[in-house]
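Beneath this line is the structure, given in structure tokens, with notes to follow.
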Amino acid sequence: MEPNSTIDNVLRVALVTGSTSGIGAAIARALSRAGYAVVLHSRSSADTGRAMAAEMKQAVYVQADLALEADRVRLINEAIAEWGQLDVLVNNAGISKVIAHDDLTSATSAVWRELNEVNVVAPFHLIALAEPALREAARYRRAGSVVNISSHAGVRPKGASIPYAVSKAALNHMTRLLAVSLGPDIRVNAVAPGLVDTPLTAEWTDAQALWRTRAPMRRSASPDDIAKAVAMLIDSDYLTGEILLSDGGLNLT
Ligand SMILES: NC(=O)c1ccc[n+]([C@@H]2O[C@H](COP(=O)([O-])OP(=O)(O)OC[C@H]3O[C@@H](n4cnc5c(N)ncnc54)[C@H](OP(=O)(O)O)[C@@H]3O)[C@@H](O)[C@H]2O)c1
């Protein structure tokens with residue numbers, strides 16, 4: 001199911017952060033197929049971003065390091081300037097660190113700060129910067145929509161490391177808080193994936209075996225599985241504050 005941006009022949013614009021790779025690339029492609037004009041973004045993979053933009057019908061690429069406040073401001077300004085509007089913001093870019101949960105000394109303050117800045121502070125700041133444009137979407141077209149990509153690690157005591165899991169739990173709670181603050185003009189939801197086959201998890205063989213043997217769906221997710229969940233939330237005019245756990249049912253076992 002892909003969100004229908006062209007049902008009324010009105011242009012809709014989506015910014016997908018971290019969209020040169022993995023889950024973000026699948027979301028950007030799904031939104032482009034559904035008729036959205038897409039703003040692609042990444043930290044350093046600019047050549048990939050520009051090549052993807054060239055393949056899509058209406059797309060541009062903007063480079064920005066989300067750890068830097070000035071880059072976040074420039075990203076939102078450039079995204080809105082391209083078509084003069086913004087309807088959808090997908091906060092997908094995120095970083096992870098693998099640290100055993102019982103190895104407390106390796107989870108240094110620097111690790112906490114780095115993960116918190118990119119996985120929590122940056123999504124909040126981008127939403128704040130995009131708020132006027134998303135409210136304008138509600139006035140002229142349809143409620144603005146934000147989808148945050150968190151993690152099952154933010155819902156259950158699991159994940160690559162405690163700082164990572166806590167950053168995603170914070171993102172989930174922020175999602176609910178902002179759904180209250182920004183409705184009805186802006187809906188705010190999250191998708192919380194389990195294991196997804198992306199460059200980030202290519203070497204996570206133990207987790208891959210766990211999903212193959214324990215998850216009711218007997219496999220990890222593809223990026224397209226997650227893109228479908230994101231599209232469903234974007235297209236559901238009455239859903240806000242939802243954290244959609246997309247883990248193939250692993251949490252049930
Ligand atoms: N894969 C999984 O199993 C899984 C599970 C649960 C949740 N998630 C979440 O899903 C999201 C996407 O994960 P993925 O596996 O698709 O990751 P990925 O393949 O590593 O791609 C990450 C994307 O985010 C960008 N990015 C990272 N740090 C950035 C920064 N400081 N500023 C700007 N862009 C930055 C990267 O740009 P560059 O390549 O240019 O650096 C890249 O485009 C993340 O939030 C992750 O935590 C993933």
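For clarity, every value in this text was computed on a predicted model and none was experimentally measured. Both ligands and their constituent atoms are indexed starting at 1 by order of listing.
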Query raised in the report: At the 4.0 Å heavy-atom cut-off, does A221 count as touching ligand 1?
Result: no

**Report entry** Structural part of T201 in contact with ligand 1, heavy atom criterion under 4.0 angstrom
**Finding:** side chain

Query raised in the report: Thinking salt bridges, do R113 and E117 make one under a 4.0 Å N-O criterion?
Result: no

Query raised in the report: Out of curiosity, is A153 lining ligand 1, as in a heavy atom under 4.0 Å away?
Result: no

Report task. Measure D71 to ligand 1 on non-hydrogen atoms and call it side chain, backbone, both or neither using the 4.0 Å cut-off. Result -> neither

Query raised in the report: Of all the non-hydrogen atoms in the protein, which one sits nearest to atom 14 (P) of ligand 1, and at what distance?
Result: T198 OG1, 3.7 Å

Report task. Indicate, as side chain, backbone, both or neither, the part of K168 found under 4.0 angstrom from ligand 1 when only non-hydrogen atoms are considered. Result -> side chain

Query raised in the report: Does P199 come within less than 4.0 angstrom of ligand 1, counting non-hydrogen atoms of the residue?
Result: yes

Query raised in the report: In terms of residue, atom name and distance, what is the protein heavy atom nearest to atom 27 (C) of ligand 1?
Result: R43 NH2, 3.7 Å

**Report entry** Interfacing atoms of ligand 1 (cut-off 4.0 Å, heavy-atom, G94)
**Finding:** 27 (C), 44 (C), 45 (O)

Report summary line: Within the 4.0 Å heavy-atom cut-off, what A64 brings close to ligand 1 is backbone

Query raised in the report: Salt bridge or not for D237 and R142, using N-O below 4.0 Å?
Result: yes

Query raised in the report: Which one of S150, S151, S45, P193 has a non-hydrogen atom at the shortest distance from atom 9 (C) of ligand 1?
Result: S150

Requested in this report: Measure the CG-OG1 distance between N189 and T240 for me, rounded to the nearest 0.5 Å.
Outcome: 5.0 Å

Report task. Could you verify whether a donor N or O on one side chain and an acceptor N or O on the other, from T20 and T48, lie under 3.5 Å apart? Result -> no

Requested in this report: Report yes if some N/O of V196 lies less than 3.5 Å from some N/O of ligand 1; otherwise report no.
Outcome: yes

Requested in this report: Could you tell me which atoms of ligand 1, counted from 1 in the order shown, lie closer than 4.0 angstrom to a heavy atom of S21?
Outcome: 18 (P), 19 (O), 21 (O)

Query raised in the report: Under 4.5 Å between any side-chain heavy atoms of V10 and Y140, yes or no?
Result: no

Requested in this report: Assess A192 for proximity to ligand 1: is some non-hydrogen atom of it under 4.0 Å away?
Outcome: no

Query raised in the report: Do NZ/NE/NH1/NH2 and the carboxylate oxygens of R219 and D225 come within less than 4.0 Å?
Result: yes

Report summary line: shortest atom 46 (C) of ligand 1-to-protein heavy-atom contact is with Y164 OH, 3.7 Å

Query raised in the report: What is the nearest protein non-hydrogen atom to atom 48 (C) of ligand 1, stated with its residue, atom name and distance?
Result: I23 CD1, 3.7 Å

Query raised in the report: Any N or O of L66 that comes nearer than 3.5 Å to an N or O of ligand 1?
Result: yes

**Report entry** Enumerated ligand 1 atoms positioned under 4.0 Å from heavy atoms of D65
**Finding:** 30 (C), 31 (N), 32 (N)

